[in-house]
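Throughout, a chain's letter reflects where its sequence line sits, starting with A, and its residues are numbered from 1.
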There are 2 protein chains.
Amino acid sequence: MTEQAGISIQQIVEKVWLSIAERRLRPGVQLKEGQMAAIFDVSRARIRQALAALEREGLVTIIPNRGAFVCQPTVDEARDVFTIRRSVEGRVVARIGASVTKADLARLRGHVAQERTANTNDATTDIIKLSGGFHLLLAEISGSDFLFGMMRDLISRTSLITAVYRNTARFNCGPDEHAEIVDAIAAGDLKKASGLMEHHLEHVESELDLREVRDMSHDLRAALA
Amino acid sequence: MTEQAGISIQQIVEKVWLSIAERRLRPGVQLKEGQMAAIFDVSRARIRQALAALEREGLVTIIPNRGAFVCQPTVDEARDVFTIRRSVEGRVVARIGASVTKADLARLRGHVAQERTANTNDATTDIIKLSGGFHLLLAEISGSDFLFGMMRDLISRTSLITAVYRNTARFNCGPDEHAEIVDAIAAGDLKKASGLMEHHLEHVESELDLREVRDMSHDLRAALA
DNA sequence: CATCCAAAAATTGTCTACAATATTTCGAGT
DNA sequence: ACTCGAAATATTGTAGACAATTTTTGGATG
């Protein structure tokens with residue numbers, strides 16, 4: 001029953017998130033419950049829960065009696081998210097440095113290795129997932145559930161922002177900068193690690209093209225496939 | 001039908017939150033959908049949405065196929081929340097200082113005044129709502145939607161933590177410390193304001209009794225009334 | 001007497017149907 | 001021809017019924 005047949009709520013959320021991150025779903029598009037229920041072949045009840053989850057991740061806005069729409073972050077909001085990220089992730093890195101284990105470092109290095117292979121293979125989907133996953137992994141290792149949850153939020157919103165505002169062909173984070181941060185942590189150089197993280201985030205932000213959005217596609221079925 | 005008769009989802013959330021903050025609902029208690037539906041005289045669907053909202057606020061934990069339970073924050077998590085709050089609220093105050101208007105200050109002073117009257121009247125419910133509201137108002141004035149949302153989360157969790165761990169009769173925040181912070185902001189002294197905020201949060205944290213929780217009441221109906 | 005297993009009860013998860021609201025369409029009036 | 005308004009359509013919100021899972025209860029067995 002819980003998974004009697006259809007796709008799970010979390011899978012729906014992930015599909016939508018990916019569609020947004022890959023720019024197949026444009027900001028402002030309405031996510032109609034009926035359409036989505038037909039596309040994923042589940043009842044509207046489950047779609048509703050997925051939409052609620054997407055709302056709390058900051059990817060869609062739900063207007064009562066109107067429906068769910070993909071968020072359109074403003075330029076100010078975009079800058080805001082990066083400002084907060086610099087602050088929060090600086091704290092994450094500092095926290096990690098105090099108590100990092102060999103196993104933690106191995107996980108981080110393994111993750112960066114995955115990012116490299118995805119990058120060389122041009123596996124767009126994997127690149128998107130992994131580049132956010134690195135920052136999430138740092139938060140997890142920091143050991144604070146609250147920081148982890150906050151980073152989840154921030155990364156979701158960053159995905160949306162980069163999807164809307166990026167102008168280059170490449171995606172959020174390069175694995176090289178991630179590797180440098182891991183090295184600094186491994187060396188116990190907290191100050192350097194924090195600095196690298198801040199620089200890394202500035203670099204990502206600097207690649208954004210901060211103009212207003214204009215168009216938006218309407219073919220929900222093609223976007224979610 | 002949106003509000004055809006019954007209590008709204010947000011009202012349910014607020015009732016539960018208040019019940020937790022006033023210690024009528026103890027950590028670990030299961031919030032059974034059937035009971036709550038009967039108590040509030042709405043269908044389980046609405047209760048489910050309310051529980052999902054409470055989960056994202058960090059007040060309850062939902063275990064699949066098991067149900068929703070009032071969270072039991074550990075001592076570590078409690079300290080964690082206060083650490084983050086010191087960091088985030090320092091940023092909030094700094095942000096405010098740059099762009100505070102006369103109207104903002106009037107709102108802050110008005111809020112503190114409300115707190116004072118609630119305090120002199122021993123209006124417990126109001127005190128709880130207003131003491132968190134002050135910090136939320138600061139976040140709102142800061143102008144960052146994301147900071148506002150984060151503070152919402154942090155304040156919810158703080159309410160739970162103080163409900164569980166407080167040992168004194170008094171509640172979270174005294175209006176006097178709030179008033180001092182407003183004065184510092186009004187004087188344009190950001191450094192002082194940040195320091196006062198940090199001190200204020202340390203003061204609140206210092207009044208907690210950090211031992212393990214043990215008992216938990218079971219009379220859901222009496223608690224939610 | 002404790003332990004384990006099966007049946008019964010309770011609880012959660014999902015779906016379908018219906019009610020209320022919002023949007024669109026189409027026509028009347030100026 | 002354009003604007004305003006009412007019927008028709010479409011979409012969201014809610015309730016209740018059913019299926020699956022979990023928990024409890026009761027008894028049989030070692």
Requested in this report: Taking only the side-chain nitrogens and oxygens of A/Gln35, find out if one of them lies under 4.0 Å from OP1 or OP2 of D/dA10.
Outcome: no

A/Glu55 atom CD is separated from D/dT12 atom C1', nearest whole Å, by 14 Å

Of A/Gly34 and B/Ser43, the one whose nearest nucleotide on DNA chain D sits closer to the 5' end is A/Gly34

When rounded to whole Å, the CG to P distance for the pair A/Leu51 and D/dG13 reads 10 Å

note: A/Ile62, atom CD1; D/dG13, atom C1'; distance rounded to Å ~ 12 Å

Notebook entry, point to check: So, is A/Arg66 near the phosphate of D/dG13, with a side-chain N or O under 4.0 Å from OP1 or OP2?
Noted result: no

On the nucleotide C/dT12, are OP1 or OP2 found under 4.0 Å from the side-chain N or O atoms that B/Gln30 carries? yes

Atom CD1 of A/Ile63 and atom P of C/dA22 are separated, to the nearest Å, by 12 Å

Rounded to whole Å, the CD1-P distance (A/Ile9 to C/dC15) equals 9 Å

- request: Ignoring hydrogens and angles, answer whether the base of C/dG13 and the side-chain atoms of B/Arg44 contain a donor-acceptor pair closer than 3.5 Å.
  value: yes

Rounded to whole Å, the CD-P distance (A/Gln49 to D/dT14) equals 14 Å

State whether a side-chain donor-acceptor pair under 3.5 Å links A/Asp153 with A/Ser156.
no

>> Assess whether a salt bridge exists between B/Arg166 and B/Glu207, defined as any Lys/Arg side-chain N lying under 4.0 Å from an Asp/Glu carboxylate O.
In response: no

From CD1 of A/Ile47 across to C1' of C/dC15 the rounded distance in Å is 13 Å

Open item on the list: Is the shortest side-chain heavy-atom distance between A/Tyr165 and A/Glu205 below 4.5 Å?
Closed with: no

To the nearest angstrom, the CD1-P distance between B/Ile7 and D/dG13 comes to 18 Å

Picking from D/dT12, C/dT14, C/dG13, the nucleotide nearest the side-chain atoms of B/Asn65 would be C/dG13

Under a 3.5 Å threshold, yes or no: a donor from one side chain and an acceptor from the other, between B/Ser131 and B/Glu115? no

With the side chain defined as heavy atoms from C-beta on, B/Glu33 is closest, among D/dT14, C/dT12, C/dT16, to C/dT12

Whether the A/Ser144 and A/Arg95 side chains hold a donor-acceptor pair (N or O, under 3.5 Å, no angle test) is what I'd like checked. no

Out of C/dC15, D/dT11, D/dT14, minimum distance to the side chain of B/Arg46 belongs to D/dT14

